[in-house]
Amino acid sequence: MQILEVAEGVILSRPDSFNMNQIITSGQCFRWDEIKTNVWKGVAFDTLLEIELLDDNSYLFKCTKETFYSLWYDYFDFERDYEQIKRSVSGDSFLEKAVVVGDGIRILRQDPFEMLITFIISQCSNIPKIKTNVNILCQKLGAYVEDKHGKDGYYLFPTPKALAENPELIASCGVGYRDKYIVNAARKVLTGELNLDHLRTVSREEAFDALISLYGVGRKVANCVLLFGLQHLDGFPIDLWIKKVLDKHYQGLFDTSRYNGYRGVIQQYMFYYGRTLGASYFE
DNA sequence: ATACAGGACTAAT
DNA sequence: ATTAGTCCTGTA
């Protein structure tokens with residue numbers, strides 16, 4: 001991948017395996033928006049970023065090269081070779097199509113606490129509603145960051161402390177019955193009973209067990225946290241869409257051993273393609 | 001209106 | 001091991 005430094009920021013020159021639209025509609029993140037055609041804005045950790053798709057299909061990251069390399073390079077998982085992953089599905093006709101349709105998907109390396117709370121909120125919900133809930137949560141309980149011009153500020157995702165200490169505010173964010181799950185999880189993280197940074201370093205099985213021990217966290221949510229927040233790339237969340245795909249194309253039995261080490265990436269291609277096919281396709 | 005949406009819990013088999 | 005009923009709430 002060719003990376004150029006220019007006055008306005010950093011340019012990814014006509015990148016393979018990078019498509020903002022695919023990435024932010026693949027259900028892994030909820031704080032990015034296309035604010036106008038081909039311009040996206042999002043917050044990750046404590047930083048705001050704008051990305052623009054230029055006429056020549058290059059992407060402009062509007063940040064310093066220092067910030068690009070210290071934060072966004074890791075966040076967008078640029079070190080990983082997605083071309084190689086896509087080639088590895090050769091011979092599987094469904095996945096061969098999936099990696100063409102979702103050729104620019106990447107697994108974002110997001111904040112584990114944000115993933116835990118966000119995917120607790122996601123249960124039995126839908127993307128627009130999840131985004132609304134998370135945005136309200138950030139506005140009510142997250143720190144406000146002024147940008148250097150005193151306008152266009154933004155809210156950070158709430159800290160464990162903020163969530164643990166304000167149960168009544170959480171209940172007013174429209175998260176419904178999930179409010180108690182959120183408060184409980186935040187308290188466990190705040191006290192150190194659940195150490196998310198530690199879970200990054202242990203086996204996927206051990207991290208999984210620690211996550212599902214939380215009240216209101218089951219297999220699906222735990223796998224999402226593993227995959228999107230803890231870099232356990234073998235997390236394989238099975239949700240509605242994955243179920244549909246597995247039932248229709250794999251007789252419900254999908255052998256993931258072929259993709260050991262990056263099964264979650266395969267899941268993401270599968271999920272994205274399944275959604276583009278639509279529910280009627282699976283009837 | 002009543003069912004449903006990117007689950008999980010609990011209490012029953 | 002599997003299954004039904006329940007949990008909030010916005011949307012259609």
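Residue numbers begin at 1 in each chain, while the letters A, B, ... track the order of the sequences.
- A:I127 comes within 4.0 angstrom of a nucleotide base, judged by non-hydrogen atoms across all strands.
- For A:W241 and B:dG7, the CH2 to C1' distance is 17 Å, given to the nearest whole Å.
- Atoms CZ (A:R275) and C1' (B:dG6) sit 8 Å apart, rounded to a whole Å.
- Looking at A:N166, its side chain never comes within 3.5 Å of a backbone N or O of A:L169 through a donor-acceptor pair.
- Within a 6.0 Å radius of CD in A:E168, more than 12 heavy atoms belonging to other residues, nucleotides or ligands are found.
- Counting non-hydrogen atoms under 4.0 angstrom, A:G27 reaches a base of the nucleic acid.
- No donor-acceptor pair under 3.5 Å is formed between the side chain of A:D111 and the backbone N or O of A:F45.
- Going from atom CG of A:L116 over to atom C1' of B:dG7 covers 14 Å, rounded to whole Å.
- Inspection of the A:D92 and A:Y250 side chains reveals an N or O donor paired with an N or O acceptor under 3.5 Å.
- Distance, A:Y273 OH to B:dG6 C1': 20 Å, rounded to whole Å.
- A:Y59 and A:F18 have perpendicular rings, their planes meeting at more than 60° on a 0 to 90° scale where under 30° would count as parallel.
- Between the CG atom of A:D239 and the P atom of B:dA5 there is a distance of 12 Å, given to the nearest Å.
- Side-chain N or O atoms of A:Q268 include none that pairs as donor or acceptor with a backbone N or O of A:G102 at under 3.5 Å.
- For A:F208, there are no ring pair (Phe, Tyr, Trp, His ring centres under 6.0 Å) partners two or more places apart in sequence or in a different chain.
- Think of the region where chain A sits on DNA chain C: with heavy atoms and a 4.0 Å cut, that region ends 5' and 3' at C:dC7 to C:dG10.
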Under the rule of Watson-Crick or G-U wobble with both distances under 3.5 Å, where | means paired to another strand and [ ] a crossing pair, DNA chain C maps to |||||||.||||

Start with the C-alpha gap between A:F76 and A:F61, add the side-chain angles, then the distance that decides, and say whether ring pair (Phe, Tyr, Trp, His ring centres under 6.0 Å) holds. CA-CA 12 Å; A:F76 285 104; A:F61 284 58; 5.6 Å; yes

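- Atom C1' of B:dG6 sits at a distance of 22 Å from the matching atom of C:dT2, rounded to the whole Å.
- Between the NZ atom of A:K243 and the P atom of B:dG7 there is a distance of 8 Å, given to the nearest Å.
- Rounding to whole angstrom units, CG of residue A:N126 and P of B:dA3 are separated by 18 Å.
- Note on residues 203-220 of chain A: no pairs pass salt bridge (Lys or Arg N to Asp or Glu O under 4.0 Å), not counting sequence neighbours.
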Return a single string for nucleotides 8-13 of chain B, one symbol per nucleotide in 5' to 3' order, where B is base contact, S is sugar-phosphate-only contact and - is none, cutoff 4.0 angstrom on heavy atoms. SS----

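- C:dC8 and B:dA11: their P atoms are spaced 16 Å apart (whole Å).
- In terms of modelled atom types and a separation under 3.5 Å, the side chain of A:R178 and the main chain of A:Q123 share a donor-acceptor contact.
- With sequence neighbours left out, A:R14 forms a salt bridge (Lys or Arg N to Asp or Glu O under 4.0 Å) with no residue at all.
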